[in-house]
Amino acid sequence: MTERTFSIIKPDATKRNLTGKVNAVIEDAGLRIVAQKRIRMSRAQAEKFYDVHAARPFFGELVDFMMSAPVVVQVLEGPNAVAKYREVMGATNPADAAPGTIRKLFAESVGENSVHGSDSQENAKLEIAQFFTDDEIVG
Ligand code: CMP
């Protein structure tokens, strides 16, 4: 079923000029980038986005990291896009990520892991709505 998921190319990747290389892996996997913008996240945006992790010990570090350099927020579309993109990203910790995945190819650590992808269709809808209006998504 055609689905949409939300993606972020994180500061560690934008700083190393890897946006195009990450996008090539996404497109080679059959996902279409139907919306994309480069933004500098505010503290309010980062705290809202990661609210589910607010009680975790790494929350402050995570929010600071997401504000530390530009990010590229994206909407990806394709068959089973949520599960497909999680497969393409690889495990959260790059040390555990499978060969050929974005995190195995590019990520530096569990905190600076190059990309985010939604973990469910429900969260994908909420995350997309935090950063995009309907008319910014062109499928
Ligand atoms: P993400 O998929 O964006 O969702 C939550 C993020 O928390 C996760 O990717 C990691 O970047 C980050 N994270 C998870 N575990 C740790 C950790 N132990 N230390 C720092 N950041 C972490």
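We count ligands from 1, going down the list as the structure has it; atoms in each ligand are counted the same way. All values derive from a computational prediction rather than experimental measurement.
Residues Leu62 and Arg56 fail the side-chain proximity criterion, which asks for heavy atoms closer than 4.5 Å. Side-chain contact between Gln74 and Ile26: present, with at least one pair of heavy atoms (C-beta onward) separated by less than 4.5 Å.
Residue-ligand proximity: Arg86 is placed with every non-hydrogen atom at 4.0 Å or more from ligand 1. In this structure, Phe65 falls outside the shell of residues with a heavy atom less than 4.0 angstrom from ligand 1.
Remark: minimum distance from atom 2 (O) of ligand 1 to any protein heavy atom is reached at His116 ND1, 3.3 Å. With hydrogens left out, the protein atom closest to atom 10 (C) of ligand 1 is Val110 O, 3.2 Å, a heavy atom. Counting only heavy atoms of the protein, atom 3 (O) of ligand 1 lies nearest to Tyr50 OH, 2.5 Å. In terms of protein heavy atoms, atom 13 (N) of ligand 1 is closest to Phe58 CE1, 3.6 Å.
Geometrically, Lys37 engages Phe132 in a cation-pi contact defined by less than 6.0 Å to the ring centre and at most 45° from the axis.
Within 6.0 Å of atom CZ in Arg40, more than 12 heavy atoms from other residues, nucleotides or ligands are found, so the atom counts as buried in its surroundings.
With a 4.0 Å cut-off on non-hydrogen atoms, His53 touches ligand 1 through its side chain and not its backbone. Looking at Lys10 against ligand 1, only its side chain comes within 4.0 Å, counting heavy atoms.
Residue-ligand proximity, Arg103 to ligand 1, at heavy-atom distances under 4.0 Å covers atoms 2 (O).
Here the closest heavy-atom approach between residue Ala98 and residue Lys104 is recorded as O-CB, 3.2 Å. Considering all non-hydrogen atoms of both residues, Gln45 and Gln130 come closest at O-NE2, 3.2 Å. Glu87 and Thr101 get closest at one heavy-atom pair: O-CG2, 3.5 Å.
Ring-centre distance between Phe6 and Phe49: below the 6.0 Å cut-off.
Between Thr92 and ligand 1, not a single N/O pair is under 3.5 Å apart. At under 3.5 Å, not a single nitrogen or oxygen of Glu61, backbone or side chain, sits near a nitrogen or oxygen of ligand 1.
Across the listed options Leu62, Asn113, Asp119, Leu62 owns the non-hydrogen atom lying nearest to atom 6 (C) of ligand 1.
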